[in-house]
Number of protein chains: 2
Amino acid sequence: MDEPASLAHLSAPRSIVEFRERLAELNDMMPKRLRQCAEYVGANLERIAVSTVSELASGADVPPSAVMRFCQILGFSGFTEMQKLFRESYFSGWPDYSVRLQNLKASGAGSPSALLGEFIEAGRLSLESLAASVDEVALNSAVGLLVRAETIHIVGFRRAFPVSTYLAYVFEKMSIPTMLHDGVGKLDPRFAMRRGDAMLAITFAPYSEETVALAQDARARGLPVVALTDFATSPLGRISDTVLTVHEVDFGAFRSLSATIALAISLAVAVASARDTLNE
Amino acid sequence: MDEPASLAHLSAPRSIVEFRERLAELNDMMPKRLRQCAEYVGANLERIAVSTVSELASGADVPPSAVMRFCQILGFSGFTEMQKLFRESYFSGWPDYSVRLQNLKASGAGSPSALLGEFIEAGRLSLESLAASVDEVALNSAVGLLVRAETIHIVGFRRAFPVSTYLAYVFEKMSIPTMLHDGVGKLDPRFAMRRGDAMLAITFAPYSEETVALAQDARARGLPVVALTDFATSPLGRISDTVLTVHEVDFGAFRSLSATIALAISLAVAVASARDTLNE
DNA sequence: GTTGTTTTGGAATTTTTATTCCATTTTTAA
DNA sequence: TTAAAAATGGAATAAAAATTCCAAAACAAC
C-alpha cells in the first residue's frame, strides 16, 4: 500500500497542462496496453471531448477496459470525469464571441462593423495558424543570435514598418540597445553596423529591395541576420542565419499584422529575459 | 402528406452552413417551444458537440422531448444524428489549434515558445473582446468624419506609433491623402493642418502629451478629431468628436496591438470604400 | 519448470442517455 | 363557444454508454 513510485494517483489533473505532465510522468512505468492508451490519447487530445470509451479504445487498439484502467491510473474516477475536464476546457474563452462576430459580419455588407468582423476573424485565424506552425528551433536560434548582439539593427519598410517601430519601442522599454533604420534623410545606414551587432530584418511579398540589400550588407560584414518574413522562399531566406516565417490570413486585398506582431513581441521579450539571466 | 410549407424535412443538413440555413428557414413557422430550442441552439452551436439532450433542454428551458422534436423537425432522425454532424465538423474547421497552443505554453516557463503561446492567447482574447464591445455608432460616425476630410492627419507616438504607421501605409495604398505626424526634426506640425482636414489621434495610457496637445490644437482650428484610445475617460475623450475605444489584453507588463490594428484597418478600409462611392 | 504477481480481455452489471408514446393543455378556425 | 388540430410535458421504454469483476494469460523471480 505504500509503493514509492506507484502508478496510482490520488488527485486528478485539474487542467490540460497538468494532464500532459501526468501523462509524461507516468509513461515510463506503464505496462504495454496502458502505454498504447497514453500514446493515442496524447496524440489525439482534442478527440477526448467528443469520443466514447470504445471509440478511444479502438483508436488505441486496446479493449475498452484498458481505457478505463488508463483513466483511473491518471487519477480520475473514470472516463466520465476525465472527459469532463476536456469538455470544460473547450469553452474557456468562448463566451458569446462567436455570436457577436456573426452579428457584426451580418450588419450589412461593406458596413464598417461588417468589415471589422472580417478583420477580427482574419486576425484570429492568423494567430491560430501561427500557433500551429511555429518553428521552435528557429525561434530559439533567433533568440540566441540576438541575445549576444551589442546593438540590434531593425530594418523593415512599408507594411513591415509598423512591426519595426513596435519592436524598437519594446526593445527600448527593456533597455536593449537598438537602432531602428527608418530611412529618414536617406542617409547610408551601412556604416552604423559594427562588429558584434546583429540585424533583424522584416519584409513580406513584394519584398522591399532596400531591406534585402541591407540584410545582405550586414551579412557581408559578418553580422548575424535574423529574418522575419512570410515564406521560407523569401529572398531573405538565402541571406539570413535564421528565418522566422509567419503567414497572415488576408481579407480581400488587405493583410493585417496580428500574428506578425505576436511573434515579434515574443521574440523581443525572450531576448530581454535571456539577457537578464546572462548578466546575473 | 403533401403539405406545401411543412415543418417536416426529408433530408438532414449535411454541413453547419446548411444547418444554419435550415434554422433560419424554419424559424418563422415553428411553435413556441421549438423556437426556444432554435434560439438557444443557434446561439450555442459549439456546445452541441459536447452536450446531452437534457443539458441542451435545460439550457433552452424546455423539456427534453421538445429538443427531440426539434432535431426531427430539422430533418435528423434524432439527437444522436444531429450531434454527429457537429462532432465531425469539430475537427475540420477548428483543427488542433487549442491543443497546439497548450503545447506551446507547456514548453517550459520563460522559453520563447511559451511566451509566444501566451502572446497568441492574449491577442486572440483581445480580438474577441473587441468583437463583443465595438461601439457601432461611434465607428460609423468616425467613418463619416474621415470620409469628408481633405487630408487625414495621423498622430500617435510610442506604443501607438506602429498603429499610426500602419494606418499611413494603408491609406497611402488606397490613395487617400494623409499626413503622418512622426515628430522628425521636432518641427511644429500645427501649421500643416488646414480647414477641411481631419485628425485621427491615437494614444494609450500613459497618454502622450504631444498627442493630446496636437488633438487639442486641431480642435481649436475647427478640425474634426477622431480618437482611438483605451478608455472613454482618456484625455482625448473630452477633446474628440468621436471616441473609439479598444482594450488590449496584456500578458505580464506587455500589451500587444492585435485588436487595435484590426480596428484601425477596418476604419481605414471603411473610409476608403465610402470615399469611392462618394466619388462615383 | 514452478510459484507468485501483474496484466489482460471480455462478459456481466450498472448507470446514463436517447427516444417514444400518450394523456393533457393550448391554440386555431368555424 | 365549440370542435378539431397542434403543441406540450412527463412517464415509460429502449438503446447505448460506462464501469466493474474475474478467469485466463503473460511475465518475473526463484
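Sequence lines set the chain letters: A, B, ... in the order given, protein chains first and strands last, and positions in each chain run from 1. All figures in this text were calculated on a predicted structure; none of them were measured in a lab.
The separation between L26(B) atom CG and dA7(D) atom C1' is 16 Å, rounded to whole Å. Between the NZ atom of K84(A) and the C1' atom of dT17(C) there is a distance of 17 Å, rounded to whole Å. Look at CD on Q83(B): it is 19 Å from P on dA15(D), rounded to the nearest Å. What separates CE of M68(A) from P of dC22(D) is a distance of 16 Å, to the nearest Å. Atom CD in E81(A) sits about 16 Å away from atom C1' in dT16(C), given to the nearest Å. If you take CE of M29(B) and P of dA5(D), they are 21 Å apart, rounded to a whole angstrom. Taking atom CG of L56(B) as the reference point, atom P of dA18(C) lies 9 Å away to the nearest angstrom. Atom-to-atom, CD1 of I73(B) to P of dA7(D) comes out at 8 Å; the value is rounded to the nearest Å.
Regarding contacts with the backbone of dT20(C), a side-chain N or O of Q72(B) is found under 4.0 angstrom from either OP1 or OP2. Taking 4.0 angstrom as the limit, T80(B) places a side-chain polar atom (N or O) nearer than this to OP1 or OP2 of dT19(C). Side-chain nitrogen and oxygen atoms of R69(A) include none within less than 4.0 Å of the OP1 or OP2 phosphate oxygen of dT7(C).
Of the candidates dG9(D), dG9(C), dT17(C), the closest approach to any side-chain atom of S65(B) belongs to dG9(D). Closest approach to the P63(B) side chain among dA18(C), dG9(D), dT8(D) is made by dG9(D) (side chain taken as heavy atoms from C-beta onward). Residue F79(B) places its side chain closer to dT19(C) than to any other of dA18(D), dT19(C), dT8(D). Taking the side chain of L34(B) as heavy atoms from C-beta on, and the options dT19(C), dT8(D), dA18(D), the nearest nucleotide is dT8(D).
Remark: the Q36(B) side chain and the R33(B) side chain contain an N/O donor-acceptor pair separated by less than 3.5 Å. Under 3.5 Å, the side chains of T242(B) and S141(B) contain a donor-acceptor pair of N or O atoms.
Between F119(A) and F254(A), the ring planes lie perpendicular to each other; the angle is over 60°, past the 30° to 60° tilted range. Note on ring orientation: taking the six-membered ring where Trp is involved, the planes of H247(A) and F231(A) are tilted (angle from 30° to 60°).
The shortest distance between side-chain heavy atoms of V134(B) and S113(A) does not fall below 4.5 Å.
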